[in-house]
Amino acid sequence: MSATVLDGKKVSAEIRAELTERVERLTRTYRPPGLAVILAGHDPASEIYVRNKVKACAEAGIRSFQSTPAASVSTEELLVLVDSYNRNPEVDGILIQMPLPPQVDAQRILLSVDPSKDADGFHPLNVGNLVANRPGPRSCTPAGVMELLRRYEVPLAGRRAVVVGRSDIVGKPMALLLLHANATVTICHSRTKDLAHECSRAEILVAAMGKPALIDRSFIREGAVVIDVGINRITDRDEVHRLFQHDPARLQAFARSGSVVVGDVDPLSMIQRSSAYTPVPGGVGPLTIAMLLSNTVSLAEQHLLS
Ligand code: NAD
């Protein structure tokens, strides 16, 4: 039986369509929801992410405010900027694009965001809300994964879930959300002893390491649901041909551009061994932005309707 593709693009479009009505209601009665985006410096990947987020806001009817301080910005200057958005009544959500320049104290900046405007759910107060399973904005990528699993009616209660990666923005919140959905959760990381063995027990396997195609056939239990969060750009011709021998379109794309994106899971093993999986690209990625918009609209509703 062939595996189900968990189509993140489709689910992202559904989520965005559902937001339209809520945005229109707020805009008609009060004002559009507002999201402030702070992008310090000129990291090329961050510039693309921010451009996509701002575009998605415009499409959803959310007003965006953008600040692009220079790479030399100080912690104090950023604190002043965040404070101005904290006090701006037209701003419902604040997003600080990571990574911040090395001289900036990122923890202090994240802590300075008003928790009621925390569009990414990174403020410790909201992390606490997540741990306690209380309402609050959730980190967008794991929240998107949960939405995908919910919409494809993947059962979680009582099932064995393994999350590989323990970062504050993906792995840890992912594990907590699965735990709150009553899965039996194991968190693996770079110091886990026998990763293949841990993963091979998973009925739900979430890979969020940033290691290209590290998870191969031997890690995947037959029939598991595999969520591949990783986004890795690879340029090595032999590696690309080894990983995408089954996918002529990808090989052609590589021939044209000299690179392709691969997740943390070997694509062919995932297709052959899982019962359902997220493709890379087009799986988890599109959900992250949809959940950012969703968080922003929810924060606006709290500010304007309650
Ligand atoms: P991170 O570097 O902060 O964390 C990586 C985690 O993986 C760490 O906890 C580390 O312990 C673990 N790890 C590293 N090597 C390992 C190994 N060999 N075995 C087991 N565990 C290992 O990364 P992150 O920010 O959590 O992102 C992870 C991946 O997800 C990256 O590829 C990133 O680009 C991608 N990502 C995608 C989206 C999306 O929208 N799809 C969003 C955020 C991150």
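The residues of the chain are indexed from 1 along the displayed sequence. Counting convention: from 1, in listed order, for ligands and their atoms alike.
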Are any side-chain N or O atoms of Arg250 and backbone N or O atoms of Val261, one a donor and one an acceptor, separated by less than 3.5 Å?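 Judged by distance alone, yes, a pair lies under 3.5 Å.
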Asp92 side-chain N/O to Gly34 backbone N/O, donor-acceptor pair under 3.5 Å: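 Yes; judged by distance alone, with no hydrogens or angles, the pair exists.
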Name the residue from Leu305, Leu299, Leu304 that meets the side chain to side chain contact (heavy atoms under 4.5 Å, CB included) definition with Gln302.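 The passing option is Leu299.
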Is any NZ, NE, NH1 or NH2 atom of the basic residue among Arg108 and Glu76 found under 4.0 Å from an Asp or Glu carboxylate oxygen of the other?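 Judged by the 4.0 Å cut-off on N to carboxylate O distance, Arg108 and Glu76 do form a salt bridge.
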Hey, is Arg151 close enough to Glu18 for a salt bridge, meaning N to O under 4.0 Å?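 The answer is yes: the pair qualifies as a salt bridge.
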Near ligand 1, at a heavy-atom separation below 4.0 Å: residues by chain and residue number: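 Around ligand 1, where the cutoff is 4.0 Å for heavy atoms, the contacting residues are Thr141, Val164, Gly165, Arg166, Ser167, Ile169, Val170, His189, Ser190, Leu195, Ala208, Met209, Gly210, Lys211, Leu214, Val229, Gly230, Ile231, Asn232, Val284, Gly285, Thr288.
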Tell me every residue that passes side-chain hydrogen bond (donor to acceptor under 3.5 Å, both in side chains) with Asp264, counting only those two or more places apart in sequence or in another chain.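 With sequence neighbours excluded, Asp264 shows a side-chain hydrogen bond (donor to acceptor under 3.5 Å, both in side chains) to Asn232, given in chain and number order.
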